[in-house]
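Notes to accompany the following structure.
Every value quoted in this text rests on a predicted model; they were computed, and no experiment measured them. Per chain, numbering begins at 1; letters A, B, ... match sequence-line order.
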Amino acid sequence: SQKIEQNSEALNIQEGKTATLTCNYTNYSPAYLQWYRQDPGRGPVFLLLIRENEKEKRKERLKVTFDTTLKQSLFHITASQPADSATYLCALDEAGFQKLVFGTGTRLLVSP
Amino acid sequence: DTEVTQTPKHLVMGMTNKKSLKCEQHMGHRAMYWYKQKAKKPPELMFVYSYEKLSINESVPSRFSPECPNSSLLNLHLHALQPEDSALYLCASSQGQGATGELFFGEGSRLTVL
């Protein structure tokens with residue numbers, strides 16, 4: 001069956017450290033993988049998109065890697081801040097862009 | 001601030017009521033989506049409209065009826081819902097097929113079915 005799995009446990013880190021979140025998928029062959037941030041009671045907000053032929057993408061303090069052999073994406077937040085505390089969702093396309101399927105999400109807590 | 005506007009933000013309805021959720025975007029996007037999200041779960045796709053035509057229906061029960069009156073508006077009509085339909089309903093839009101695929105989400109409509 002198809003699965004998109006992220007760390008089910010909350011990730012607790014100290015301010016200033018690098019947070020690394022994992023997204024593993026099975027029985028998908030995505031052309032793209034996206035990461036979103038979601039705060040409680042609000043809609044997800046797009047962060048980054050990486051294509052299957054890209055190994056790494058960066059945006060400010062964010063970095064995403066995409067390994068289609070391992071079927072895994074890693075999402076890094078460097079110099080983390082308490083304001084980075086949120087749930088982070090990976091998502092990938094199925095049957096083209098119009099069907100975006102979300103992973104289970106990881107809650108990140110950054111302590112001062 | 002999101003550029004996708006959803007109303008109402010909160011809705012409480014009985015199982016015999018008929019209500020509608022509304023979504024509006026003015027970014028010129030040609031694809032619009034409804035997702036359902038239960039607590040501590042990821043969003044689940046319900047419907048996709050592309051160029052005002054329904055292109056994906058994820059086997060959603062007929063008590064949920066989507067409508068796309070024009071390229072800026074998306075409605076979700078609700079009738080005879082069950083308590084298990086209580087959830088956050090998220091509307092999203094994107095530039096359409098062949099674009100980057102980035103979705104812009106609204107803040108959601110929190111639905112409670114009594």
* **Heavy-atom contacts under 4.5 Å, residues 35-45 of chain B to chain A** =>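 The list, in residue order, reads Tyr35(B), Gln37(B), Pro42(B), Pro43(B), Leu45(B).
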* Asked: When Ile, Leu, Val, Met, Phe, Trp and Tyr are grouped by side-chain heavy atoms lying under 4.5 Å apart, directly or through other members, which residues fall in the same group as Leu114(B)?
  ->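 Via sub-4.5 Å side-chain contacts, Leu114(B) links to Val12(B).
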* **Which atoms of Gln6(B) approach chain A - backbone, side chain, both or neither, heavy atom under 4.5 Å** =>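 When you check distances to chain A, no heavy atom of Gln6(B) falls under 4.5 Å.
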Taking atom [atom1] of [X] as the centre, does the number of heavy atoms from other residues, nucleotides or ligands within less than 6.0 Å exceed 12?
X: Glu84(B); atom1: CD; result: yes
X: Lys71(A); atom1: NZ; result: yes
X: Met27(B); atom1: CE; result: yes
X: Gln2(A); atom1: CD; result: yes

* Which residues pass the side chain to side chain contact (heavy atoms under 4.5 Å, CB included) test with Asn70(B), sequence neighbours left out? ->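 For Asn70(B), the residues satisfying side chain to side chain contact (heavy atoms under 4.5 Å, CB included) (neighbours in sequence not counted) are Ser72(B), Leu73(B).
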Which atom pairs, donor and acceptor, lie under 3.5 Å between side-chain atoms of residues 100-111 of chain A and protein residues at least two apart or in another chain?
from      : atom 1 : to      : atom 2 : distance (Å)
Thr104(A) : OG1    : Gln6(A) : N      : 3.0
Thr106(A) : OG1    : Asn7(A) : N      : 3.2
Thr106(A) : OG1    : Asn7(A) : O      : 3.0

* Determine, step by step, whether Leu103(B) and Tyr36(A) satisfy the side chain to side chain contact (heavy atoms under 4.5 Å, CB included) criterion, reporting the C-alpha distance in whole Å, the side-chain angles of both residues, the deciding distance to 0.1 Å, and the verdict. => CA-CA 9 Å; Leu103(B) 296 191; Tyr36(A) 288 77; 3.5 Å; yes
* Atom CD in Gln38(A), atom CG in Leu88(B): separation rounded to 0.5 Å? ->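 Here the interatomic distance stands at 7.0 Å.
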